[in-house]
There are 2 protein chains.
Amino acid sequence: MDTALDRAVRVFCERGYHATSIGDLTAAMQLATGSVYKAFRDKQAVFLAAFERYATVRRDQTRSAAARGGNGRERLRHMLLSYVEHSQGVEGRRGCIVVGGAVELSALDPEVRARVNAQLETNETFIAGLIREGQADGSIPGHVEVDDTARLMICITQGMRVVGKARLPLDGERLVGVAMKLLA
Amino acid sequence: MDTALDRAVRVFCERGYHATSIGDLTAAMQLATGSVYKAFRDKQAVFLAAFERYATVRRDQTRSAAARGGNGRERLRHMLLSYVEHSQGVEGRRGCIVVGGAVELSALDPEVRARVNAQLETNETFIAGLIREGQADGSIPGHVEVDDTARLMICITQGMRVVGKARLPLDGERLVGVAMKLLA
DNA sequence: GATAATAGGGAATGGTTGTTCCCGAATCAA
DNA sequence: TTGATTCGGGAACAACCATTCCCTATTATC
């Protein structure tokens, strides 16, 4: 089931919600129409399930990228680098289902908007935690405004997905090098 | 005609491309179906015209916001502030047609993708110009990497539109205050 | 003033969409 | 073996979509 859901994630990322037909989903998930409707109430339910699946996978990727750093500052740097990498190339072109949900559905579907908000807030809380860790271990100055910096970094990460989907190239080291000035 | 196009812009911003039907457009533009198809070849042509209209209006707003600053650094600050304001409240909830086009259509429609890219590059060039002005007038240090900083700022502005559409509140002064560290 | 040309309005149309319904195969119980 | 139940598959359906076509005013031309 997770493997079928992973395929649904890919389609929703690439084509968004409205441009994805049930036919696109059955083709990708290798299920017949009836089977999809046996497993999910309707198209929105498939999307929500794909959304949660995507969020879980990306969350693990982001956390394990951050874990590669030896202090708060380095963990933040690895997290940002990971975001740039995922915003680029074939995966960047495919796109992010959270950004897609925010842009395409948050004005139309309160349920999706709630999930998008929850996801953004989870990410922001995680970033804020990393900043605080850095302040505790001395790698980030204590005068850095935690909440404002975290929110700006959320803007940066979401913006990279937009720019990456538009296929503008992003140089990870250079971009993150500049972004780290926010921790000065 | 521009007033009808402005109304089309609002609908496309709010609902995106695929969720906007011809019926939505005729209702908003106060034109009959046949009249829309007399003025435009098809739905994509309406979208492209709305896109260009939006880009022109926003461009003027951004430039005149920047012009309020007395040096390069201040012009950059006013530009970012303007972006935060437009990403918030009722306009933020409505959304940005460039971000919408990038996320919803850049994988499906090469023509839209080209326009999105052109728009992003125009904005990036403008920001890079402001940075150079600041370096020339002494308000921005010469060691600031112009191109990388400009690209990161594009990510910030596009990201703010995503976050604003999801209805997370953005505090202009605080957020821009942090972002200005990128010019240190 | 008569006629041609244009512009706008809206009904008709063919295709596609999301969803439901029903059928056949396979699994399990007795 | 028989009967009941579940499960996947796909045809059928109603609604909606983008687009076309045609009709009616209005304007312009002579």
Side-chain angles (χ1 to χ4, degrees), chain A residues 1-54 95 97 100-101 103-113 115, chain B residues 1-54 95 97 100-101 103-113 115:
Chain A
M1 170 52 74
D2 265 358
T3 146
L5 216 44
D6 281 328
R7 286 195 260 252
V9 167
R10 287 175 65 120
V11 181
F12 277 130
C13 282
E14 186 150 1
R15 307 179 56 84
Y17 181 78
H18 289 105
T20 299
S21 71
I22 301 293
D24 293 331
L25 285 174
T26 57
M29 300 170 89
Q30 292 172 317
L31 288 173
T33 317
S35 306
V36 170
Y37 278 87
K38 282 244 166 55
F40 303 95
R41 186 165 32 82
D42 54 16
K43 185 180 165 185
Q44 190 219 27
V46 185
F47 182 82
L48 290 175
F51 185 98
E52 292 305 323
R53 170 78 183 153
Y54 176 90
I97 207 175
V103 171
E104 201 182 347
L105 292 174
S106 62
L108 306 173
D109 187 329
E111 178 66 30
V112 172
R113 183 172 67 238
R115 309 271 186 131
Chain B
M1 171 53 72
D2 264 359
T3 146
L5 215 46
D6 281 329
R7 287 195 260 251
V9 167
R10 288 175 64 118
V11 181
F12 277 130
C13 282
E14 187 150 359
R15 308 179 55 84
Y17 181 78
H18 288 104
T20 298
S21 70
I22 301 292
D24 293 331
L25 285 173
T26 57
M29 300 170 87
Q30 292 173 316
L31 288 173
T33 319
S35 307
V36 170
Y37 277 86
K38 282 248 165 53
F40 304 95
R41 186 163 34 81
D42 54 17
K43 184 179 163 184
Q44 190 220 29
V46 185
F47 183 82
L48 291 175
F51 185 99
E52 293 305 323
R53 170 77 184 155
Y54 177 89
I97 207 173
V103 171
E104 202 181 349
L105 293 173
S106 61
L108 306 173
D109 186 329
E111 177 66 30
V112 172
R113 184 172 66 238
R115 310 272 186 130

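Because the structure is a prediction, the values reported are computed rather than measured.
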- Query: With a non-hydrogen cut-off below 4.0 angstrom, is A:Thr20 in contact with a base, only sugar-phosphate, or nothing?
  - Reply: sugar-phosphate
- To the nearest Å, give me how far apart CD (A:Gln30) and P (D:dG9) are. 10 Å
- Message: Given the structure, check if the side chain of A:Lys43 and the base of C:dG18 hold any donor-acceptor pair shorter than 3.5 Å.
- Response: no
- Query: Closer to the 5' end of DNA chain C via nearest nucleotide, is it A:Asp24 or A:Lys38?
  - Reply: A:Asp24
- Message: Output the rounded distance in Å from CZ (B:Phe47) to P (D:dA18).
- Response: 14 Å
- Message: So, using side-chain hydrogen bond (donor to acceptor under 3.5 Å, both in side chains) as the criterion, who are the partners of A:Arg113 when residues are at least two apart?
- Response: none
- A:Asp24 meets the salt bridge (charged side-chain N to carboxylate O under 4.0 Å, His left out) criterion, sequence neighbours left out, with A:Arg15
- Task: Ignoring the backbone of B:Ile22, work out which of C:dG18, D:dA18, D:dG9 is nearest its side chain.
- Result: D:dA18
- Non-hydrogen side-chain atoms of A:Val103 and B:Glu104 separated by less than 4.5 Å: no
- Query: For the pair made of CZ in A:Phe40 and C1' in D:dG8, what is the distance, rounded to whole Å?
  - Reply: 14 Å
- So, is A:Ser35 close to the D:dG9 phosphate, meaning a side-chain N or O under 4.0 Å from OP1 or OP2? yes
- Message: If you assign each of A:Gly34 and A:Gly23 to its closest nucleotide in DNA chain C, which residue comes earlier from the 5' end?
- Response: A:Gly23
- Between C:dG9, D:dA11, D:dG9, spot the one nearest the side chain of A:Thr33, thanks. D:dA11
- Describe, in one word, how the ring planes of A:Tyr17 and A:Phe12 are oriented to each other, choosing from parallel (under 30°), tilted (30 to 60°) and perpendicular (over 60°). parallel
- Task: In whole angstrom, give the distance that lies between atom CZ of A:Arg41 and atom C1' of C:dT20.
- Result: 15 Å
- Message: Please pick, from D:dT19, D:dG10, C:dG9, the nucleotide with the shortest atom-to-atom distance to any side-chain atom of B:Tyr37.
- Response: D:dT19
